[in-house]
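Below is one structure; the comments refer to it alone.
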Amino acid sequence: MHISELDTPAVLIDLDRMERNIRRAQEHCGRHGKAMRPHIKTHKIPQIARMQVEAGAVGITCAKLGEVEVMVGAGLREILLAYPIVGEAKLRRLVRVAQEANLTVAFDSLEVAQGISEAVGRYGEGSGREIGALVEIDTGMGRCGIAPGPEMVALCRRVADLPGLRFRGLMTYQGWVTGTAEERAAKLQTEDERLKRILGDLAEAGLETPVVSGGSTPTLFQSHLVEPITENRAGTYVFNDVNTVSTGAVTLDDCAMRIAVTVVSTAVPGQIIIDGGSKTFTSDRSAGPGEVTHGYVVEDPELRFVKMNEEHGYVKRDRSTKSYRIGDRLHVIPNHVCVAMNMHEEVYGHRNGEVVETWPVAARGKLR
Ligand SMILES: Cc1ncc(COP(=O)(O)O)c(C=O)c1O
């Protein structure tokens, strides 16, 4: 089937572009002695996670326990859960899923560490299976992560001594590293020095840190600037989107995901309505400079996708020289591909427009 025959809205994945993204990231990290552990929150599809592992990733990263369960159910075994696990309902599931996978969890407090450690004792049924532990540190994001310093060293020490947990090192997230390539490089230089100091403190305290997990998509091809990082958790790179293009780190040609939509109304002069709104794209605004729109219309960059209701996309055509009729199809690159994916039940993988895969988005909506 050709993509033009698919009903809309339809998420289209250009498999050649996606494979090129996977390959290029893997090659860059491999060349600089770093592992890839891609974040699957971007695609939420086990088949794509498997392709990333087959390309050389040491494992995958998930944000939610529900994503971990889906991925383990599909046979993936090396998983980092980059999110603090809190509450009995989750702890029970965590220990259960850890029986089937090599699981590592990141957190930034003794409360969470103790909760997991005790749950391993309570629900692990004497399996002796430990859960890997990364202490999340805040090197600039200001979200989760303990501040570097004596308290952080003390937390790592306590974690290393807790039963049921195996202290493996540190996690940080370079999502705060923004700006031009030069600005990002300068920030990464600071990050390099900071992480070296932190690792020095831990070594002095007698703690080994075989894993220092970091990275992001905009900094992916600059990841070699931060020597201490051992593994890169970039996620968005697999598809890219308007936001990653706006960082200058990639081009529109690197965007592997598009959403096909149909023109359903031309009644209002100067405007067309497409059959996708905030329930198709989400309302994530573009992060780059300039006019805020809701996505990039591939066929006609003069079209401006300026407003959304749930099921209606308002596209201004006053700057465009082309004319549009009801039934015309357009393809839109979303601002933020990760949240858009979470809205869809299935995606179509194609090569040169021929659909060769239909994949359920198996981990969509797994928010717990
Ligand atoms: C903890 C963590 N690691 C990795 C990533 C992946 O970063 P990116 O979206 O830049 O690929 C994210 C993204 O939100 C994240 O929150």
Side-chain angles (χ1 to χ4, degrees), residues 18 21-22 24-26 28-29 34-45 48-49 52 57-65 67-68 71 78-85 104-108 112 132-146 169-179 181 184 187-188 191 195 211-223 225-226 229-250 254-257 282 284 286-288 333-342 363 366-367:
M18 182 186 80
N21 291 341
I22 293 173
R24 214 162 42 188
Q26 191 64 49
H28 180 86
C29 286
K34 296 185 189 301
M36 273 296 288
R37 186 182 284 277
H39 208 311
I40 62 80
K41 52 130 198 167
T42 302
H43 55 71
K44 290 174 169 273
I45 295 175
I48 298 179
Q52 291 170 307
V58 292
I60 58 169
T61 305
C62 297
K64 292 296 176 128
L65 189 51
E67 292 173 343
V68 173
M71 294 295 152
E78 288 287 333
I79 300 183
L80 166 62
L81 177 51
Y83 203 91
I85 292 299
T104 296
V105 181
F107 46 76
D108 63 5
V112 172
L134 296 183
V135 169
E136 181 170 3
I137 55 170
D138 181 17
T139 56
M141 189 72 189
R143 189 173 65 178
C144 289
I146 185 167
L170 301 176
M171 179 179 102
T172 181
Y173 173 46
Q174 274 95 31
W176 58 276
V177 178
T178 54
R184 292 198 303 272
K187 290 176 186 171
L188 291 173
E191 184 78 333
L195 280 172
V211 177
V212 182
S213 182
S216 72
T217 292
T219 63
L220 178 55
F221 296 104
Q222 296 170 303
S223 55
L225 299 176
V226 189
I229 297 283
T230 63
E231 66 173 34
N232 195 301
R233 297 189 314 278
T236 309
Y237 82 100
V238 72
F239 298 147
N240 293 309
D241 54 22
V242 169
N243 284 344
T244 22
V245 171
S246 76
T247 68
V250 297
D254 300 314
C255 293
M257 189 267 234
T282 80
D284 263 29
S286 39
I333 300 174
N335 287 342
H336 188 182
V337 76
C338 313
V339 286
M341 279 297 282
N342 192 47
K366 299 293 180 196
L367 305 180

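The structure displayed is predicted, hence computed values, not measured ones. Position 1 is the first residue of the sequence, and the numbers go up from there. Indexing begins at 1, ligand by ligand and atom by atom, following the structure's order.
Of all protein heavy atoms, the one lying nearest to atom 14 (O) of ligand 1 is K41 NZ, 3.2 Å. Among protein heavy atoms, atom 9 (O) of ligand 1 sits closest to T236 OG1, 2.7 Å. Nearest non-hydrogen protein atom to atom 5 (C) of ligand 1 is Y173 CE1, 3.4 Å. Among all non-hydrogen protein atoms, the one lying nearest atom 10 (O) of ligand 1 is T217 N, 2.8 Å.
Under the 3.5 Å distance criterion, with hydrogens and angles disregarded, a donor-acceptor pair is assigned to the side chains of S216 and T219. Defined by atom type and a distance below 3.5 Å, a donor-acceptor pair is present between the side-chain atoms of S213 and E231. No hydrogens or angles considered: a donor-acceptor pair under 3.5 Å links the side chains of E191 and T139.
In this structure, P218 counts as a contact residue of ligand 1, since one of its heavy atoms falls inside 4.0 Å of the ligand. Heavy atoms of A234 approach ligand 1 to within less than 4.0 angstrom.
Under a 3.5 Å cut-off, the side chain of R233 and the backbone N or O of T172 do form a donor-acceptor pair. At distances below 3.5 Å, at least one donor-acceptor pair connects side-chain atoms of K44 with backbone N or O atoms of A363.
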Audit row: Y237, M36, side-chain contact (heavy atoms from CB on, under 4.5 Å) steps and yes/no: CA-CA 12 Å; Y237 82 100; M36 273 296 288; 3.6 Å; yes
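The option from R233, E136, R37 that lies nearest to atom 1 (C) of ligand 1, judged by heavy atoms, is R233. For the residues H39, M141, R143, M171, the heavy atom positioned nearest atom 16 (O) of ligand 1 is part of R143.
Pairing each heavy atom of T217 with each of T236, the nearest pair is OG1-N, 3.2 Å.
Close approach to G235 involves these atoms of ligand 1, each under 4.0 Å from a residue heavy atom: 6 (C), 8 (P), 11 (O).
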